[in-house]
Amino acid sequence: MYVANKRRSVREAGMRDVHRSLPQGATQKQVAACIDELAADPHISGILLQLPLPGQLDAASLIDRIPVGKDVDGLTTASAGLLARGEYGLRPCTPSGVIELLNSAGVPTKGAHAVVVGRSQLVGRPMAQLLLLRDATTTLAHRHTTDLTAVTRTADILVVATGICGLIGPEHVKPGATVIDVGIHRTPTGLTGDVRAGELNSIASLITPVPGGVGPMTIAMLMANTLQAARWTHHPAHPH
Ligand SMILES: Nc1nc2c(c(=O)[nH]1)N[C@@H](CN(C=O)c1ccc(C(=O)N[C@@H](CCC(=O)O)C(=O)O)cc1)CN2
């Protein structure tokens with residue numbers, strides 16, 4: 001469904017979309033060959049490998065076959081390195097979308113205490129790096145954090161990306177905080193996040209909804225990255 005949504009957005013933005021669907025049992029070699037073909041094609045500006053992959057595949061080494069200039073998900077080692085050094089490059093879509101949400105809502109990051117819960121390569125780690133670049137005092141919490149509640153309660157900006165449905169409740173949130181819920185879970189009563197948003201109305205000053213919050217921003221940032229990558233493709237002086 002996410003792939004279908006991305007393909008639709010690509011077409012709506014006036015770009016051409018090329019979709020390669022491999023069988024569930026595809027080998028590392030088959031997926032690598034598919035990426036290599038797209039990487040070598042001068043008519044392709046951006047490539048993404050939809051995650052998660054089936055267990056027989058090693059995602060990290062496959063992602064690293066994507067040339068850095070076409071890495072519209074910002075997940076290659078090269079893109080992660082540029083981000084870690086605060087240098088110009090394509091950045092992961094979900095964390096970039098969160099920064100856009102904070103900007104558009106006028107939430108100041110400079111000097112704020114931002115706590116990110118979850119340390120995935122896809123969201124948590126790059127999120128912490130981006131907040132640091134925005135001059136937030138940043139804490140990255142995870143499953144081994146001692147007394148998570150005490151840590152999250154000091155956050156002016158709380159970003160939750162744990163994959164645990166309803167983990168965060170009122171006891172975790174400082175009054176007036178901005179809460180960003182990256183989680184998405186399908187339950188018998190509908191879609192819900194990592195945050196029990198309904199219990200936070202009188203505590204948080206701002207909170208992103210699920211659905212309709214971070215998810216659509218992820219796709220919007222993918223479009224922005226793809227446009228940037230296309231500009232580089234057509235202007236040979238680009239940095240990659
Ligand atoms: N290669 C990647 N794989 C994955 C990424 C990614 O950024 N790159 N992120 C997630 C899934 N994802 C995009 O791929 C994604 C998740 C959710 C949404 C979204 O719009 N959600 C809607 C609800 C849609 C629904 O379920 O009905 C919302 O939150 O309102 C977009 C993209 C893992 N894999």
Side-chain angles (χ1 to χ4, degrees), residues 1-13 17-22 26 31-32 34-35 38-39 44-55 57-68 70-80 83 89-101 104 116 118-127 129-130 159-166 179-198 207-229:
M1 190 190 67
Y2 296 143
V3 172
N5 288 350
K6 289 178 188 182
R7 296 186 70 197
R8 194 181 50 241
S9 295
V10 163
R11 290 192 297 268
E12 282 173 4
D17 100 282
V18 175
H19 179 216
R20 296 274 192 274
S21 178
L22 285 96
V31 184
C34 179
I35 295 172
L38 298 169
I44 301 285
S45 303
I47 303 170
L48 74 84
L49 181 61
Q50 184 63 29
L51 303 172
L53 296 180
L57 298 173
D58 173 34
S61 65
L62 289 169
I63 288 169
D64 272 342
R65 301 185 86 90
I66 299 172
V68 66
K70 294 189 180 187
D71 177 21
V72 289
D73 253 342
L75 296 178
T76 60
T77 303
S79 295
L83 173 58
L90 296 171
R91 287 161 175 183
C93 302
T94 300
S96 309
V98 170
I99 296 292
E100 282 295 321
L101 285 169
S104 65
V116 180
R119 57 178 168 180
S120 69
Q121 302 286 351
L122 190 62
V123 183
R125 283 168 205 241
M127 186 74 253
Q129 307 267 17
L130 281 176
V159 183
V160 187
T162 64
I164 303 171
C165 186
V179 180
I180 308 280
D181 190 355
V182 179
I184 183 154
H185 309 271
R186 225 164 270 282
T187 72
T189 52
L191 291 177
T192 179
D194 290 357
V195 177
R196 304 195 298 277
I207 179 159
T208 58
V210 179
V214 172
M217 284 305 295
T218 297
I219 296 185
M221 299 319 290
L222 177 66
M223 299 304 105
N225 276 353
T226 308
L227 182 61
Q228 182 59 65

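Computed from a prediction, not measured in an experiment: that's the story for all the values here. Order of listing sets the numbers, starting from 1, for every ligand and every atom in it. All heavy atoms count here, side chains included; hydrogens, waters and symmetry mates do not.
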When you measure from [atom] to every protein heavy atom, which one gives the shortest distance, and what is it?
| atom | answer |
| --- | --- |
| atom 10 (C) of ligand 1 | Leu122 CD2, 4.3 Å |
| atom 24 (C) of ligand 1 | Met1 CE, 3.9 Å |
| atom 14 (O) of ligand 1 | Lys6 NZ, 2.6 Å |
| atom 4 (C) of ligand 1 | Gln50 NE2, 3.6 Å |
| atom 20 (O) of ligand 1 | Gly215 C, 3.2 Å |
| atom 17 (C) of ligand 1 | Tyr2 CE2, 3.2 Å |
| atom 26 (O) of ligand 1 | Arg186 NH2, 2.8 Å |

Can you tell which part of [X] has a heavy atom less than 4.0 Å from ligand 1: side chain, backbone, both or neither?
| X | answer |
| --- | --- |
| Pro211 | both |
| Ile184 | side chain |
| Asp73 | side chain |

Heavy atom of [X], distance to ligand 1 below 4.0 Å:
| X | answer |
| --- | --- |
| Leu49 | yes |
| Leu191 | yes |
| Gly212 | yes |

Side-chain heavy atoms of [X] within contact of [Y], under 4.5 Å:
| X | Y | value |
| --- | --- | --- |
| Arg20 | Leu38 | yes |
| Ile44 | Val18 | yes |
| Met223 | Val10 | yes |
| Val123 | Pro92 | no |

Worksheet item: If you measure from OG on Ser45 to CG on Leu227, what distance do you get to the nearest 0.5 Å?
Response: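 If I round to the nearest 0.5 Å, the distance is 9.5 Å.
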Practice prompt. Could you tell me which atoms of ligand 1, counted from 1 in the order shown, lie closer than 4.0 angstrom to a heavy atom of Leu51?
Written response: 1 (N), 2 (C), 3 (N), 4 (C), 33 (C), 34 (N)
Just by distance, with hydrogens left out, do [X] and [Y] show a side-chain donor and acceptor under 3.5 Å apart?
| X | Y | value |
| --- | --- | --- |
| Asp71 | Thr76 | yes |
| Thr192 | Thr187 | no |
| Asp58 | Ser61 | yes |

Worksheet entry | Given Arg8, Arg11, Lys6, the one that forms salt bridge (Lys or Arg N to Asp or Glu O under 4.0 Å) with Asp17 | Arg11
